[in-house]
Amino acid sequence: MFTIKTDDLSHPAVQALVAYHISGMLEQSPPESSHALDVQKLRDPTVTFWSAWEGEQLAGIGALKMLDDGHCELKSMRTATEFLRRGVANQFLLHILDVARERGFQRISLETGTQPGFAACHHLYLKHGFVDCEPFADYQLDPNSRFMTLVL
């Protein structure tokens with residue numbers, strides 16, 4: 001499997017995958033509906049960021065943002081292109097859910113796109129028990145956004 005580690009976002013491959021993630025979101029959603037965090041925002045103290053590696057190769061990234069004492073948000077899940085369909089996202093999601101539970105959160109939510117390119121993400125989240133919900137935190141209703149949550 002892959003090694004997932006807490007990351008400080010200093011590695012060039014990690015920064016490149018974050019940039020790729022942002023550009024991919026902007027290709028599918030209008031800028032006002034794209035909520036991907038850049039490297040600086042991922043370094044916020046309320047965010048824990050991880051990278052997944054296979055040896056020296058970056059396989060994926062993901063983050064968890066604390067919203068309040070009981071609620072957190074899944075952010076910036078992205079698999080590197082050469083690792084697609086190898087279980088990276090599934091392993092990453094399981095890791096983040098375990099951490100959220102260990103930290104005592106009662107709920108984890110996420111915002112994702114509604115375009116066809118997000119279908120694999122929707123399938124993954126539904127498989128792990130996420131359900132559709134209303135906008136949370138500072139999000140607003142948006143036809144380009146799908147909001148999902150999971151009680152932990």
Does the side chain of R43 reach to within under 4.5 Å of the side chain of F49, using non-hydrogen atoms? no
Keeping S51 on the side-chain end and D7 on the backbone end, is there a donor-acceptor pair under 3.5 Å? no
Minimum heavy-atom separation for G129 and L150, please, with both atom names. O-CD1, 3.3 Å
Heavy-atom distance under 4.5 Å between the side chains of F130 and L97, does that happen here? yes
Side chains of K41 and V47 in contact at under 4.5 Å (non-hydrogen atoms): no
So, for C72 and L64, which heavy atoms are closest and what is the spacing to 0.1 Å? SG-CD1, 3.5 Å
Heavy-atom closest pair, residues A59 and F2: CB-CD2, 3.8 Å
Are more than 12 heavy atoms from other residues, nucleotides or ligands located less than 6.0 Å from atom CG of D68? yes
Linked, directly or transitively: I22 and V39 (ILVMFWY side chains, under 4.5 Å): yes
So which atom in G113 and which in R146 form the shortest heavy-atom distance, rounded to 0.1 Å? O-CB, 4.0 Å
Is there a side-chain contact between V14 and W53 in this structure, where contact means two heavy atoms from C-beta onward sitting under 4.5 Å apart? yes
Distance from K127 atom NZ to L93 atom CG, nearest 0.5 Å? 9.0 Å
Please examine the side chains of M66 and E73, heavy atoms only from C-beta on, and report whether any two atoms are closer than 4.5 Å. no
Taken to the nearest 0.5 Å, the spacing of H122 NE2 from L110 CG works out to 8.5 Å
For F147, the hydrophobic cluster (side chain heavy atoms closer than 4.5 Å, chained through members) also holds L67, F136, Y139
L9 and Y20: same hydrophobic cluster, using ILVMFWY side-chain contacts below 4.5 Å? yes
Are K65 and L42 close enough that some pair of their side-chain heavy atoms sits under 4.5 Å apart? no
Please indicate whether D8 has more than 12 foreign heavy atoms, meaning atoms of other residues, nucleotides or ligands, lying under 6.0 Å from its CG. yes
Which pair of non-hydrogen atoms, one from Y125 and one from L74, has the smallest distance, and what is that distance? CE2-CD2, 3.5 Å
Flag yes if more than 12 heavy atoms outside E134 fall under 6.0 Å of its CD atom; otherwise flag no. no
Side-chain heavy atoms nearer than 4.5 Å, only ILVMFWY residues, links allowed to pass through others: does that put M77 and L126 together? yes
In terms of side-chain heavy atoms, does T48 have a donor or acceptor partner in W50 at a distance below 3.5 Å? no
Pick out which of I4, L124, T79 makes a side-chain contact (heavy atoms from CB on, under 4.5 Å) with F92. I4
Just wondering, do H11 and L58 contact through their side chains at under 4.5 Å, heavy atoms? no
Value rounded to 0.5 Å, distance of CD1 in I61 from OG in S76: 5.5 Å
Would you check if L152 and Q106 make a side-chain contact, meaning some heavy-atom pair closer than 4.5 Å? no
Strictly by modelled atom types, are S109 and H71 linked by a side-chain donor-acceptor pair under 3.5 Å? yes
What are the two closest non-hydrogen atoms of V88 and A52, and how far apart are they? CG1-CB, 4.5 Å
Short N-O contact, K75 and E111, less than 4.0 angstrom: no
For V131, the rest of its hydrophobic cluster, which grows through side-chain links under 4.5 angstrom: none
